[in-house]
Amino acid sequence: MAGDLREGRIVIIGASLAGLRAAETLREEGFTGSLTVVGDEPYPPYDRPPLSKQVLLGQAAAHTTGLPMRRDPDADWRLGVPATGLDPLGKQVLLADGESLPFDRLLIATGTRARPWPNPEEAGLDGVFTLRTCDDAGRLAERLAAGPQRVLVIGGGFTGSEIASACRERGLEVTVTERGPAPLVGALGGTLSKLAARMQRAHGVDLRCGATVSALRGDGNGRFTGADLSDGSRVDADVCVVALGAVRNVEWLADSGLAAGPRGIACDAGCRAFDMYGIVTDDVFVAGDVSRFPHPLFEYQLLSLEHWGNAVAQAEVAAYNMVNPGPLRRPHLALPTFWSSQFGLNIKSVGVPTFSDQIVLAQGSLEERRLVVVYGYRGRVTAAVTVNMAKSLEYYQHLIETAASFPPAPGAADRPVAADLPLPSDVPDPKTLSHGPTVALTGHLPDRRLTVVRHG
């Protein structure tokens, strides 16, 4: 059986970070069969984090962010040809050029795309951009280098905030609209969003919170000139960047019978896709931003993550499981991590901050702009976010993995945690199971195990 799994035909849909790392891992694990990687863009896999940072600042060209290969995966690369359908019974992938690719096992790593402005006519105005691909970044960087009078950024999440930071670093006037009470509130909760708002305003951003853009305006000749806001005000600008989050690339799977929807493709902890009945498949795997997977540390809630590290770790687990028989398969137990650089702040997180009901400020302070916020849910540590204190992150990662009690006892803290009573985390309702077990991770990757923990 194991020998058979290392032969045959494997197709990877998505010439992405996850697709590349999976292809490399398949060869490292001894797969000797035919390997085909399909990508809708005409470029080999490239790195996305630099697009909203170095590329927008003019420090790197958009098409120089290609990902280095750890090894040549000896794959047949089909680039610039989107997948348009999947026949799971006939085990074929349909491509936009009319070709059908047969497979024995399939990995879906199609990722996400930028959510477009909902009005196509307004979205088509010259000067209106989104940022997701290297082509997007190249066009936007060129327009920023030309010195627009003002840039309007719609959305105060991580991407929108990083774009605004790059604009201010270039010396450009920028307005950010955010429908919530502060930037980053949906990802990090109320406390850190207050710091984000303070930093944006201190760096000269015209930040409009609690307001949405109701219409984009043009000059009659197809050029963007400004926007009307829900509070009745108007912003005059000549560049607009729509940063309203991501859309998962699942439309091509509409008739496939897989459990694919707006939040991604559901799979088990071994990266095997579920069908629409919730039954696990054995030959279709999922990895990266397009996946929804259960994590035991977060009460088996299906997580949808857009994290660089998660894409790598999940791709490696998926590839390993594609060429190893059932008893040897591994679970994807890596802890989510994330980082962002904006307005002089180095923000790093571990765990899932939105899976929380309380927080405590464990180190530093908002005033110092150096701090650690620890998140807890029902009496255990579930996440930590550091601001300009990244060295502390490993300590808190250990607390999350071992289901440590919340609030945490003094350890890495430079202040007694008891001095600060827990506050509400002010994040969206985690909508978790009501009677899930608390578990801890033991051992080291890749041979990790679970231990049930009972808090008295």
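What you see is a predicted model; the values in this text were computed from it and never measured.
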Original post:
Have Q363 and Y395 got a donor and an acceptor in their side chains that come within less than 3.5 Å?
Top reply: no
**OP:** Kindly compute the distance separating OG1 (T65) from CG (L51), expressed to the nearest 0.5 Å.
**Re:** 5.0 Å
**OP:** Check whether any side-chain N or O of R248 sits under 3.5 Å from a backbone N or O of D289 as a donor-acceptor pair, and report yes or no.
**Re:** yes
Original post:
Judged by modelled atom types alone, do Y377 and E299 share a side-chain donor-acceptor pair under 3.5 Å?
Top reply: no
Could you tabulate the donor-acceptor pairs under 3.5 Å formed by side-chain atoms of residues 183-199, not counting sequence neighbours?
unit_1	atom_1	unit_2	atom_2	d
S193	OG	G189	O	3.2
S193	OG	G190	O	2.8

Subject >> R263, CZ: over 12 other non-hydrogen atoms inside 6.0 angstrom >> reply: no
Original post:
Do D97 side-chain atoms and E99 backbone N/O form a donor-acceptor pair below 3.5 Å?
Top reply: yes
Original post:
Just by modelled atom types, is the L172 backbone N or O under 3.5 Å from a matching donor or acceptor in the R168 side chain?
Top reply: yes
Original post:
Quick check: does any side chain N or O of N321 sit under 3.5 Å from a backbone N or O of R330, one acting as donor and the other as acceptor?
Top reply: yes
Subject >> Single hit among V93, D283, I12 for side-chain contact (heavy atoms from CB on, under 4.5 Å) with L106 >> reply: V93
**OP:** May I ask you to check whether R370 and N388 show a side-chain donor-acceptor distance below 3.5 Å?
**Re:** no
Original post:
Can you list the steps and then say if V239 with F224 is a side-chain contact (heavy atoms from CB on, under 4.5 Å)?
Top reply: CA-CA 7 Å; V239 170; F224 170 74; 5.6 Å; no
**OP:** Verify the neighbour count for atom CD of Q149: are there more than 12 heavy atoms of other residues, nucleotides or ligands below 6.0 Å?
**Re:** no
Subject >> Distance-only side-chain donor-acceptor flag, T175 / R208, under 3.5 Å >> reply: no
Original post:
Does atom CG of D72 have more than 12 heavy-atom neighbours, drawn from other residues, nucleotides or ligands, at distances under 6.0 Å?
Top reply: yes
Subject >> Residue pairs involving residues 135-146 (criterion side-chain hydrogen bond (donor to acceptor under 3.5 Å, both in side chains); sequence neighbours excluded) >> reply: Y43-D135, H63-D135, D126-R143, T133-D136, D136-R139
Subject >> From E316, R70, E29, residue fulfilling side-chain contact (heavy atoms from CB on, under 4.5 Å) relative to E24 >> reply: R70
**OP:** Find the distance between CZ (R272) and CZ (F285) and round it off to the nearest 0.5 Å.
**Re:** 7.0 Å
Subject >> Sequence neighbours excluded, every pair satisfying ring pair (Phe, Tyr, Trp, His ring centres under 6.0 Å) that has a member inside residues 136-189 >> reply: F158-F338
Subject >> Heavy-atom donor-acceptor pair, E178 side chain to G180 backbone, under 3.5 Å >> reply: yes
Original post:
Is atom CD of E121 surrounded by more than 12 heavy atoms (other residues, nucleotides or ligands) closer than 6.0 Å?
Top reply: no
Subject >> Rounded distance [0.5 Å steps], CD1 in I10 versus CG in L107 >> reply: 8.5 Å
Subject >> H398, NE2 atom: more than 12 neighbouring heavy atoms under 6.0 Å >> reply: no
Subject >> Between R132 and T112: side-chain donor-acceptor atoms closer than 3.5 Å >> reply: yes
Original post:
For R113, does the CZ atom sit with more than 12 other heavy atoms under 6.0 Å from it, leaving out its own atoms?
Top reply: yes
